[in-house]
S.K.: 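Take a look at the following structure, please.
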Amino acid sequence: MRTRISGATCVLPSGQARVDLLIENGKILGIDPPQTASADEVIRADDLMLIPGVVDDQVHFRDPGLTHKEDLRTATRACAKGGVTSFLEMPNTKPATITQAKLEEKLALASEKCLVNYGFYIGATPHNLDELKRATRTPGIKIFIGSSTGDLLVDNQDALERIFAETTLPICSHCEDEATVRANSLRLGGGTTYEDHSRIRDEAAAVIATRRALDLAIRHRHRFHVLHVSTAAETELLRAPQGLITAEVCPHHLFFNIDDYERLGSLVQMNPSIKTSADNEGLWKALKDGRIQVIATDHAPHTLEEKQQPYPQSPSGLPAVENSLALMLDSVNAGICSLESVVHWMCDAPARVWDLVGKGRIAEGYDADLVLVDLHKKQTVRNENQQTKCGWSPWNGVTLQGWAVRTFVNGQTVFHEGQFDETVRGQEIQFDHARGGYWAEKPSGLETSASHS
Ligand code: DOR
């Protein structure tokens, strides 16, 4: 079946253009084809923007083992609604994804349940170096250099040295220094208020761990992605040599700060913690000047009941996959950044960081993972409308302008104007690590616009 998407303004690697697209067999067959080119179906998309599907490179979907919070079906419905067509999931499920066998079990589960494309990291422990060396069918290795939800932690220097020295897959890390967090916690008697979370997981904890991880990556010349940078101070460290290091920021660290605890309490309790308004500013600056390349959500659902426990029993994490694109499109409408930049940060850059085959841009031969976006549409985030199983959002009640109205996964419509086609199945994402990651490709026009928006 050949489909023509007609009338939309497309965000192409070269910039915006009002061109038709032909898609066939799940791929982009042609851009700006002649009007005479035959098609079995024409989708009119006048007044809409067409962008590549979002690639979210940091999510926690809780399946297997924690499916009272979320599962791969509910999470990927949320993705489809939010314009996320590919996700890379973290290993802190139950059991944790720390062997090739567990990774392949997750891939099998995903092939049955996922409405969008999927990939899974392998998690590091102090004792699974051989598994990490042999791992395949994965974007890379996740190290919790500081502990978070679950019990994955590699804090020991010798173990870290060996992982960076002896493995070849790209590595990403949760960077919060365990010793600093423990000392802060002791000083504050474990903490009693949600605000204490940001005093315990403070700026120093983030900076010390990020510095330590960058030192390992640079000494071992190992490709390394800093997950969820949360402080302006860390962005200063990201002036490190390009070619090796990439970094990511999450919407909650861009949009929330410690003043929001009063209103939202544990709903904004995250690891790394939210910081100050000056950090919000510093993170935006680093994103715009290219020191941070990627926006991802760290979607980490917990039930409201779990979240409503007093600190420190309240778990850290918030859901975001269905609102992240809208939050960024709202920022486009507010004149804060350009649509091209958003596409770079959320689609092309993460696809390049992790060597995804056929993802992240609208180009011939690429997969037809596409999102029709209505930049004029205003919609209020409501807990009762959330697709995530946990059923709440920290943005509840916030009206955002700019929403995905139709999401295509490998050419198939999975979400359209509030309706889902649950028969659609995503595919296992392919990784070609020989490509060498984000910096291996010459900067595109999009990066230039990213650095000036
Ligand atoms: O707040 C967080 N929650 N940060 C993480 O890195 C993990 C996540 C979770 O899995 O709940």
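In listed order, ligands and their atoms are each counted from 1.
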S.K.: Can you sort out which atoms of ligand 1 are near Asn92, meaning under 4.0 Å from one of its heavy atoms?
M.R.: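 With Asn92 as reference, the close atoms of ligand 1 come out as 9 (C), 10 (O).
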
S.K.: Atoms of ligand 1 less than 4.0 Å from His302 heavy atoms?
M.R.: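 What qualifies from ligand 1 is 11 (O).
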
S.K.: With respect to atom 6 (O) of ligand 1, which of His299, His174, His197, Met270 exhibits the smallest heavy-atom separation?
M.R.: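 Looking at heavy atoms only, the winner is His174.
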
S.K.: Would you mind running through ligand 1 and noting each atom that sits below 4.0 Å from a heavy atom of Gly317?
M.R.: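 The atoms of ligand 1 under 4.0 Å from a heavy atom of Gly317 are 1 (O), 3 (N).
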
S.K.: Is it true that His174 and His228 have ring centroids separated by less than 6.0 Å?
M.R.: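 So the answer is yes for these two rings.
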
S.K.: What do you reckon, are the aromatic ring centroids of Phe420 and Phe415 less than 6.0 Å apart?
M.R.: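 Between Phe420 and Phe415, the centre distance is under 6.0 Å.
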
S.K.: Using distance alone, determine whether Gln269 and ligand 1 share an N or O pair under 3.5 Å.
M.R.: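 No; every N/O pair is 3.5 Å or more apart.
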
S.K.: With backbone taken as N, CA, C and O and side chain as the heavy atoms from C-beta onward, which portion of Leu318 lies under 4.0 Å from ligand 1: side chain, backbone, both, or neither?
M.R.: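 None of Leu318 does.
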
S.K.: Side chain to side chain contact (heavy atoms under 4.5 Å, CB included) for Arg212 and Gln157? Distances and angles first, verdict last.
M.R.: CA-CA 10 Å; Arg212 183 180 182 196; Gln157 189 67 18; 2.9 Å; yes

S.K.: Is the contact between Asp298 and ligand 1 made by the side chain, the backbone, both, or neither, using heavy atoms and a 4.0 Å cut-off?
M.R.: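 Asp298 to ligand 1: side-chain contact only, backbone stays beyond 4.0 Å.
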
S.K.: Among the heavy atoms of His228, does any lie under 4.0 Å from an atom of ligand 1?
M.R.: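 Yes, His228 has heavy atoms under 4.0 Å from ligand 1.
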
S.K.: If we check ring-ring contact (aromatic ring centres under 6.0 Å, His included) with Trp354, which of these qualifies: Tyr121, Phe431, Tyr438?
M.R.: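 That would be Tyr121; it is the only one of Tyr121, Phe431, Tyr438 passing the ring-ring contact (aromatic ring centres under 6.0 Å, His included) with Trp354.
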
S.K.: Would Arg62 count as a contact of ligand 1 if the rule is a heavy atom under 4.0 Å away?
M.R.: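 Yes; Arg62 lies near enough to ligand 1 that a heavy-atom distance drops under 4.0 Å.
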
S.K.: Cys250 and Asp298: which non-hydrogen atoms are nearest, and at how many Å?
M.R.: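 Closest pair (atom of Cys250, atom of Asp298, distance): SG-CB, 3.8 Å.
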
S.K.: Measure the acute angle between the ring planes of Phe255 and Trp395, then classify it against the limits of 30° and 60° as parallel, tilted or perpendicular.
M.R.: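 Perpendicular.
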
S.K.: What atoms of ligand 1 come within less than 4.0 Å of a heavy atom belonging to Ala300?
M.R.: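 Here the atoms of ligand 1 in question are 3 (N), 8 (C), 9 (C), 11 (O).
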
S.K.: Give a yes-or-no answer on whether the side chains of His344 and Gln293 include a donor-acceptor pair shorter than 3.5 Å.
M.R.: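 Note: His344 and Gln293 side chains miss the donor-acceptor criterion.
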
